[in-house]
Amino acid sequence: MNPGIRNNYWVIVLSFAVAMLLDILPLPAFLLPYWPEWVAMTLLYWVVALPQRVGIMTAWVVGLFVDALQGSVLGLHALSLSVMTYFALVLYQRVRLFPRWKQSLVIAMLIGIYMLLALILKSLTVTVEKQFSYWIPMLISGAIWTWIFILLRDIRRQFRVN
Amino acid sequence: MFMFADHKGQHLNTLRNFLSTFLTPLVYIADLPGELAFWSGDRIRSRDELFEENQSLKDEVFILRTQLQKLVSLKAENAQLRNLLGTEQKVEGRRLVAEIINVARDPFVHEILLNKGTNHGVFLGQAVLDAYGVMGQVSQVSMLTSRVLLITDPRHAIPVRVERSGERSVALGDGQLDNVTLQYVRNTADIEVGDLLLSSGIGERFPDGYPVATVTDVTRDPGAPYAKVTAATEAHLARTGQVILIWPDQELDLTTEEPAELSEQSRSQESHSQNASQQTSDNNGGGGL
């Protein structure tokens, strides 16, 4: 490795910034229930790709920023993302070897865990209605995971983030 | 632990404020596409359309002007009556137009983000209106942005009175945009479909007499202790782009005769101190609405 390149951490930071941007983008109402969980997906990619760099602490800090952006109780997304990252860290070696469709399933499941936790924590402060549409982003996230994976992998290789 | 501290106490407000301020550029960038659409919608227009719009605006100005004439005389009369009664006159508080730069994506909360913050004197609990009625109140402020809890959020309640009969009640958000429900309305209460609900000013969070909602449905079940009343909000919660932040009306001391001399600065300071006292009184009252 070229010592002058210094790992390029800013790429990771930038990818999270873009994910958060996509997360708060004002959307037309019909798209709203289908919008995937960009931040969680980006986080999962980096955890699977660079588990020695991006871990629970990163997840917690990113979650705190998401909380500030969404105006939820501070720590809500931080905790949910941290727990999700824990499971991802347990699974990452297997996830890397899975075929694409199986990867998507695992990612959807992990995002499901994150959304479930966020929902439970939210229900402590906000009145939450049971509705199926809450879970659609989980399925969408799983469905587009392959492309997100390829995109972020190419970016990682391009900038030699490690 | 962390969440509990944030929810119950105010200790983390500085951290939240810092994080929100730090993330402000992101919010602005996210708002750009919409802003661009608005901008092009404004600029790219046919001449005929502009003519038409100009004409209709002129008509509207004319109508509003004529209505204003009446208001001026009414204001004078009101002041005179107040003088006779020996009560304080009220000076209209400061007003500030703000733009909505983001809307909460979470389906369970009804919140919007405005482009004004503590730098513009916005404070926690401040009332927010649009051109048609009450929208909500400020629930979080950072330096350049503030988050507004809308009156339709299930966590929100606003004291109201029926314009026609004066019946008082509390309007709770029920989680549907453009809808609120009234709580504790007696079965015999004088309230009908079509009644206008005004903010009652009780609780001192919202100013008195602004339209809140119109009653759309009254169900009186003799077996239930209270009638079920739903109302449609007057404010266009899902459609407006601009809102008005209002500062509380000032109580004018009749001995000092210089209402117009009050500088903007001192006004905002006074409103701050008023708000502070309001906050403490709320705390004493076991948490305001």
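Remember, predicted model here, so these are calculated numbers, not experimental data. Here is how names work: the chains are called A, B, and so on, in the same order as the sequence lines, proteins then strands, and each is numbered from 1.
Residue B/Tyr132 qualifies as open at atom OH: its count of foreign heavy atoms under 6.0 Å is 12 or below. Surrounding CE of A/Met109 are more than 12 heavy atoms belonging to other residues, nucleotides or ligands, all under 6.0 Å away. Atom CZ of A/Phe87 has 12 or fewer neighbouring heavy atoms from other residues, nucleotides or ligands inside a 6.0 Å radius. Other residues, nucleotides and ligands contribute more than 12 heavy atoms inside 6.0 Å of the CZ atom of B/Arg155. Within 6.0 Å of atom CZ in A/Phe98, more than 12 heavy atoms from other residues, nucleotides or ligands are found, so the atom counts as buried in its surroundings.
Considering only heavy-atom pairs separated by less than 4.5 Å from chain B, the leading option among A/Ala68, A/Gly71, A/Ser133, A/Ala78 is A/Gly71. With chain B as partner, the option from A/Ile24, A/Leu32, A/Leu25 having the largest number of non-hydrogen pairs under 4.5 angstrom is A/Ile24.
Identified by a heavy-atom distance below 4.5 Å to chain B, the contributing residues of residues 13-22 of chain A are A/Ala17, A/Met20, A/Leu21, in residue-number order.
Side-chain contact between B/Phe108 and A/Leu119: present, with at least one pair of heavy atoms (C-beta onward) separated by less than 4.5 Å. For the pair B/Leu19 and A/Leu74, the minimum side-chain heavy-atom distance is below 4.5 Å.
Both the backbone and the side chain of B/Val27 come within less than 4.5 Å of a heavy atom of chain A. When heavy atoms are compared at a cutoff of 4.5 Å, A/Asp23 approaches chain B by way of both its backbone and its side chain.
A pairwise comparison of heavy atoms in B/Glu111 and A/Gln70 identifies OE1-O, 3.9 Å as the closest pair.
Among residues at least two apart or in separate chains, side-chain hydrogen bond (donor to acceptor under 3.5 Å, both in side chains) pairs with a member in residues 91-105 of chain A are A/Gln103-A/Trp145.
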